[in-house]
Structures are given as C-alpha cells and as structure tokens.
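Just so we're clear, the structure is a prediction, and the values are computed from it rather than from any experiment.
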Amino acid sequence: ERIYGGEVFRLREHTERLIRSGHTLGFEIPYSLDQIEKATRDTAAAQGYADAYVRPVAWRGSEMMGVSAQQTRIHLAIAVWEWPSYFSPEARMKGIKLKWAQWKRPSPECEPVHAKAAGLYMICTLSKHDAEAEGFDDALMLDWRGQVAETTGANIFLVIGGVLHTPTPDCFLDGITRRSVIALARKRGYEIVERAIMPDEIAKADEIFVTGTAAEVTPVGQIDNMKFTVGPVTASLMEDYEALVRSPAA
C-alpha cells in the first residue's frame, strides 16, 4: 500500500485483498476490515510520513511445528516506512531495463496464484536478483504456458497502434494499480485488450509500461536487446496516475 499526502491510496481494496488472501491460505485474520484499516491509519499517523509505503503482514504463529498448522495463532503486523521511488528517477525517465526471467509463473493448479502470499514471491526475488546482477532493473516473467505474465512485482502493458494490450491475469495478481490504470486509460478513450500475449509480440510494441503499488506507472526502455521509447500514451497515464493518487477523492 502507498501513502500519498498522508492518505493511504485504495486502502479498502488492499485490506479486502489481505482478508481474502488469508481465506485462500486457509486462515481467518482475527480482526475486522474496519479494525485493520484503523490500525493502518493509526500506524501511518504515528510514523508521520507524508509519502510512504505500507505493508500489513499476516502469519501463522509457532504453536505447531510441521506441515499441519491448524492450531496456530494468526498474527497481524503493519509496517510503514518512507518510500521515494521503486526505480531510480533516471530509470523512470528513460524507461527501466528488463531481462527475461528463468523462472515462470506457475499454473493455478500448482499454487494459490491469486493470493497476495509471500511464498509466491520467492521466484520473483531470485529473478530480480539475477537481473540486477547483469545490470538490469528487473525481470519479465513468462507463465507455465510460455505466455508473457508480469515482472517480479508489477503488471505489464504493451501499446500497439494506440491500443493497450495486457496479459489476462489468470495465474498472477490482477493488481489494484493495474485496475486503476485501466480505468484511467478508458477515461481517456484508449481501447484495452486483455489477452494471451506471446514473447515474440513484444517487438511489435510502440511503448511498454508496468504498473504496481511500488512501481506506480513506469515506462520500459529495454527488454533484453530490444529498445523502446517513452511514448505519449505512457506519459499521459503516468501524469493521470500521479493526479489520481493525490486527489482527495482517490
């Protein structure tokens, strides 16, 4: 979650997803939606940062050791820290550099892919570390079918002939930022196509950008040896998103 001007953006949607993810993972968070939101706001106020990152974390306690963990207590913590930018300002202006990840997003038959679960990020961490070691900013992941999925922490959009194409989120999170940007794009009159995207289609894109709570709207300047420019569609959505998150009505 992000704080802009002292307010948590889309707090209700994030908190609902937290509770829903707990259900998916087989446990009930012992606090109501309103209680979690109040604790989030109280923690943010105590820290006093105008712009920050918020991470609520729910986990099982240590009462049982083993695969079975049904008798454990469920804990919840909320952390807040200052957060200037996920990628460097220079990278955001020119577009970030991505490389293909060696790991793939798993099938929904293999993992609870629609939960916001820490365990699902293990292959993302490995992929991002590998990319950074080679001078890239992040990694672009395929799914188990070989289709374009997402980066290690953000959804991806391709602008082809003025139309926005984005992978169908059937094995990864349908991000809250993703949905917000789709709404902004539709407001501008852009056509949105959610579909299966194959790797060889990347070269057809006029612009590429990624979206996420941390990444916000960030242009992509390079994928492996393919280069892209920060075009007008990406620039307009970056501007619209910045206005949205700082709007009192957001």
Could you check whether any side-chain N or O of [X] sits under 3.5 Å from a backbone N or O of [Y], counting only pairs where one atom can act as donor and the other as acceptor?
{"X": "Ser21", "Y": "Arg17", "result": "yes"}
{"X": "Glu1", "Y": "His14", "result": "no"}
{"X": "Asp137", "Y": "Lys97", "result": "yes"}

Testing the basics here: between [X] and [Y], what is the closest heavy-atom pair and its distance to 0.1 Å?
{"X": "Thr234", "Y": "Pro219", "answer": "CG2-CB, 3.8 Å"}
{"X": "Ile156", "Y": "Pro167", "answer": "O-CD, 3.3 Å"}
{"X": "Gly175", "Y": "Asn155", "answer": "N-OD1, 3.3 Å"}
{"X": "Pro112", "Y": "Thr24", "answer": "CB-CG2, 3.7 Å"}
{"X": "Ile223", "Y": "Ile208", "answer": "CD1-CD1, 3.8 Å"}
{"X": "Ile74", "Y": "Glu28", "answer": "CG1-O, 3.8 Å"}

Before accepting this row, confirm whether a basic side-chain N of the pair Asp34/Arg12 lies closer than 4.0 Å to the acidic partner's carboxylate O.
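A salt bridge is present here (some side-chain N lies under 4.0 Å from a carboxylate O).
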Electrostatic pair Arg73:Glu63 at N-O distance under 4.0 angstrom
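Salt bridge between Arg73 and Glu63, a charged N being under 4.0 Å from a carboxylate O: no.
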Stepwise, does the side chain to side chain contact (heavy atoms under 4.5 Å, CB included) test hold for Ile192 with Arg186?
CA-CA 7 Å; Ile192 310 291; Arg186 286 184 174 142; 3.9 Å; yes
Mind checking whether Trp81 and Tyr53 have parallel, tilted or perpendicular rings, split at 30° and 60°?
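Tilted.
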Between Phe157 and Phe209, how do the two ring planes meet: parallel, tilted or perpendicular, split at 30° and 60°?
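Plane angle under 30°, so parallel.
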Does one hydrophobic cluster hold both [X] and [Y], with members joined at side-chain heavy-atom distances below 4.5 Å?
{"X": "Val210", "Y": "Ile160", "value": "yes"}
{"X": "Ile19", "Y": "Leu173", "value": "no"}
{"X": "Leu98", "Y": "Ile202", "value": "yes"}
{"X": "Leu244", "Y": "Ile182", "value": "yes"}
{"X": "Tyr31", "Y": "Val8", "value": "no"}

Roughly how far, to the nearest 0.5 Å, is [atom2] of [Y] from [atom1] of [X]?
{"X": "Glu16", "Y": "Leu11", "atom1": "CD", "atom2": "CG", "result": "9.5 Å"}
{"X": "Lys99", "Y": "Asp224", "atom1": "NZ", "atom2": "CG", "result": "7.0 Å"}
{"X": "Ile96", "Y": "Leu140", "atom1": "CD1", "atom2": "CG", "result": "9.5 Å"}
{"X": "Glu207", "Y": "Leu237", "atom1": "CD", "atom2": "CG", "result": "9.0 Å"}
{"X": "Lys94", "Y": "Lys227", "atom1": "NZ", "atom2": "NZ", "result": "10.5 Å"}
{"X": "His23", "Y": "Leu18", "atom1": "NE2", "atom2": "CG", "result": "10.0 Å"}

Hey, which of Arg246, Arg2, Glu82 is the one that makes side-chain contact (heavy atoms from CB on, under 4.5 Å) with Asp51?
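Exactly one candidate clears the test, Arg246.
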Might you work through the side chain to side chain contact (heavy atoms under 4.5 Å, CB included) test for Leu142 and Val148, ending with a clear yes or no?
CA-CA 4 Å; Leu142 301 178; Val148 176; 4.2 Å; yes
Atom [atom1] of [X] with >12 non-hydrogen neighbours under 6.0 angstrom:
{"X": "Glu7", "atom1": "CD", "value": "no"}
{"X": "Glu134", "atom1": "CD", "value": "yes"}
{"X": "Trp103", "atom1": "CH2", "value": "no"}
{"X": "Glu239", "atom1": "CD", "value": "no"}

Using the side chain to side chain contact (heavy atoms under 4.5 Å, CB included) criterion, which residues pair with Asp174? Sequence neighbours excluded.
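Side chain to side chain contact (heavy atoms under 4.5 Å, CB included) list for Asp174, sorted by chain: Pro169, Arg178, Arg179.
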Student check: side-chain heavy atoms of Trp144 and Pro108 closer than 4.5 Å
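Yes; the side chains approach each other to less than 4.5 Å.
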Mind checking whether Ser127 and Lys104 have side chains closer than 4.5 Å, heavy atoms only?
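A side-chain contact is absent here, since even the closest heavy-atom pair is not under 4.5 Å.
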Determine, stepwise, if the pair Arg145 / Asp170 fulfils salt bridge (Lys or Arg N to Asp or Glu O under 4.0 Å).
CA-CA 12 Å; Arg145 298 162 295 197; Asp170 57 1; 2.9 Å; yes
CA sep, side-chain torsions, deciding dist, call: Thr177, Arg10, side chain to side chain contact (heavy atoms under 4.5 Å, CB included)
CA-CA 9 Å; Thr177 306; Arg10 298 282 196 261; over 6 Å; no
The test is side chain to side chain contact (heavy atoms under 4.5 Å, CB included); show your working for Glu109 and Cys171 and say whether it passes.
CA-CA 9 Å; Glu109 297 176 338; Cys171 65; over 6 Å; no
